[in-house]
Amino acid sequence: MPEPEPAGEVRGVPAPERGAWLRRGISRNGGPLVEDRDTQVVWLQAGPYYADSRGFAGTTSFDGVQVRFHHLTGEPGDDTGTLRRDGANLVEWGTNPDGSTFLEIWTPLAGADGVTGSWSGPDHHVVRVGRHVVHVDSRAGTYWRL
């Protein structure tokens with residue numbers, strides 16, 4: 001289990017330019033880390049565009065410390081988090097639009113080589129990274145492995 005977020009300013013890393021990530025666990029509001037066993041949460045990043053299978057997609061920006069996930073499709077609001085590497089994994093500490101906090105552990109997915117892109121329309125956003133595709137619209141997010 002990763003260490004709690006250090007006190008004071010934490011120097012984060014930007015979202016990867018390209019990546020397919022599976023969430024392994026989450027801690028909410030300082031609670032225990034709960035492993036994802038019955039759910040599959042996937043985050044795809046293609047350049048500045050991302051899609052999250054929980055039902056939101058858009059762009060990311062980095063201010064030198066934190067990454068902001070701007071929700072342009074699906075669930076409204078923005079998430080702000082600090083990413084750091086833990087071996088091959090990414091650990092993210094952040095704040096949700098409602099002010100609640102989270103810690104998430106992200107593991108890279110195999111099969112991320114190959115075609116990468118992002119496409120959007122009036123009510124949807126699709127990101128593909130290699131064999132992984134996430135489609136988000138106003139109703140839900142959906143993940144497929146090709």
Side-chain angles (χ1 to χ4, degrees), residues 1-118 124-137 139-146:
M1 182 163 138
E3 299 172 18
E5 183 174 11
E9 185 178 4
V10 177
R11 199 93 177 128
V13 298
E17 277 289 308
R18 171 195 176 103
W21 302 89
L22 176 67
R23 191 179 73 185
R24 290 294 184 194
I26 185 169
S27 166
R28 296 181 192 280
N29 295 315
L33 185 68
V34 177
E35 291 185 28
D36 289 333
R37 295 187 182 183
D38 299 328
T39 60
Q40 186 175 45
V41 176
V42 173
W43 156 37
L44 301 181
Q45 187 78 34
Y49 302 100
Y50 78 92
D52 188 303
S53 65
R54 290 173 285 186
F56 48 93
T59 61
T60 56
S61 62
F62 182 63
D63 67 7
V65 176
Q66 295 184 310
V67 174
R68 181 173 298 269
F69 293 86
H70 306 275
H71 297 202
L72 302 177
T73 304
E75 183 181 305
D78 290 352
D79 298 309
T80 302
T82 300
L83 294 173
R84 78 166 168 84
R85 294 231 175 242
D86 183 20
N89 296 335
L90 283 173
V91 178
E92 177 185 7
W93 288 275
T95 305
N96 292 308
D98 66 3
S100 62
T101 61
F102 61 88
L103 177 147
E104 293 176 308
I105 310 298
W106 297 95
T107 301
L109 286 166
D113 296 333
V115 176
T116 297
S118 174
H124 70 280
H125 196 102
V126 179
V127 174
R128 178 177 177 181
V129 177
R131 299 184 65 193
H132 308 280
V133 177
V134 172
H135 173 274
V136 175
D137 59 32
R139 295 176 306 277
T142 307
Y143 165 68
W144 294 282
R145 181 178 171 100
L146 305 175

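- Looking at heavy atoms from C-beta onward, Tyr50 lies out of side-chain contact with Val127 at the 4.5 angstrom threshold.
- Residues Ser118 and His125 have side chains that bring a donor and an acceptor to within less than 3.5 angstrom of each other.
- The main-chain N or O of Glu104 is never found under 3.5 Å from a side-chain atom of Arg24 such that the two would form a donor-acceptor pair.
- Scored by the salt bridge (Lys or Arg N to Asp or Glu O under 4.0 Å) test, Asp36 finds Arg23 as partners (sequence neighbours excluded).
- Residues Thr116 and Arg128 have side chains not in contact (no heavy-atom distance under 4.5 Å, counting atoms from C-beta outward).
- The closest side-chain donor-acceptor pair between Arg68 and Thr80 falls under 3.5 angstrom.
- In this structure, Leu44 CG and His135 NE2 are separated by 13.0 Å, a value rounded to the nearest 0.5 Å.
- The main-chain N or O of Leu146 is found under 3.5 Å from a side-chain atom of Arg131 such that the two form a donor-acceptor pair.
- A distance of 3.5 Å separates CZ of Arg84 from CH2 of Trp93, quoted to the nearest 0.5 Å.
- Here the closest non-hydrogen pair linking Val129 and Ala46 is CG2-CB, 4.5 Å.
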Phe69 vs Glu92, test: side-chain contact (heavy atoms from CB on, under 4.5 Å). Steps then yes/no.
CA-CA 12 Å; Phe69 293 86; Glu92 177 185 7; 3.5 Å; yes
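- Of all heavy-atom pairs spanning Val134 and Asp52, the tightest one is CG1-C, 3.9 Å.
- With a 6.0 Å radius and a threshold of 12 heavy atoms from other residues, nucleotides or ligands, Arg28 has its CZ atom at or below the threshold.
- Contact between Pro16 and Trp43 at its shortest, heavy atoms only, is CD-CH2, 4.0 Å.
- Distance check: Asn29 CG to Thr101 OG1 gives 4.0 Å after rounding to the nearest 0.5 Å.
- Counting only distance, with no hydrogens or angles, the side chain of Thr95 and the backbone of Gly99 share no donor-acceptor pair below 3.5 Å.
- Asn96 is linked by a side chain to side chain contact (heavy atoms under 4.5 Å, CB included) to Asp79, Asp98, Ser100, Phe102, counting only residues two or more places apart in sequence or in another chain.
- Using a 4.5 Å cut-off on side-chain heavy atoms (C-beta onward), Asn89 and Trp21 make no contact.
- A distance-only check finds a donor-acceptor pair linking the side chain of Ser53 to the backbone of Val42 [under 3.5 Å].
- Partners of Thr59 under the side chain to side chain contact (heavy atoms under 4.5 Å, CB included) rule, at least two apart in sequence or in another chain, are Tyr49, His70, Leu72.
- The structure places CD1 of Ile26 at 13.0 Å from CD of Glu35, a figure rounded to the nearest 0.5 Å.
- No donor-acceptor pair under 3.5 Å is formed between the side chain of Arg54 and the backbone N or O of Phe56.
- For Pro97 against Gly77, the heavy-atom pair with the smallest separation is CG-CA, 4.0 Å.
- Annotation for Ala20 and His132: closest pair CB-CD2, 3.6 Å, computed over non-hydrogen atoms.
- With 3.5 Å as the limit, one finds a donor-acceptor pair spanning the side chains of Thr60 and Gln45.
- Nearest heavy-atom pair, Val67 versus Ala15, reported as atom, atom and distance to 0.1 Å: CG2-N, 3.6 Å.
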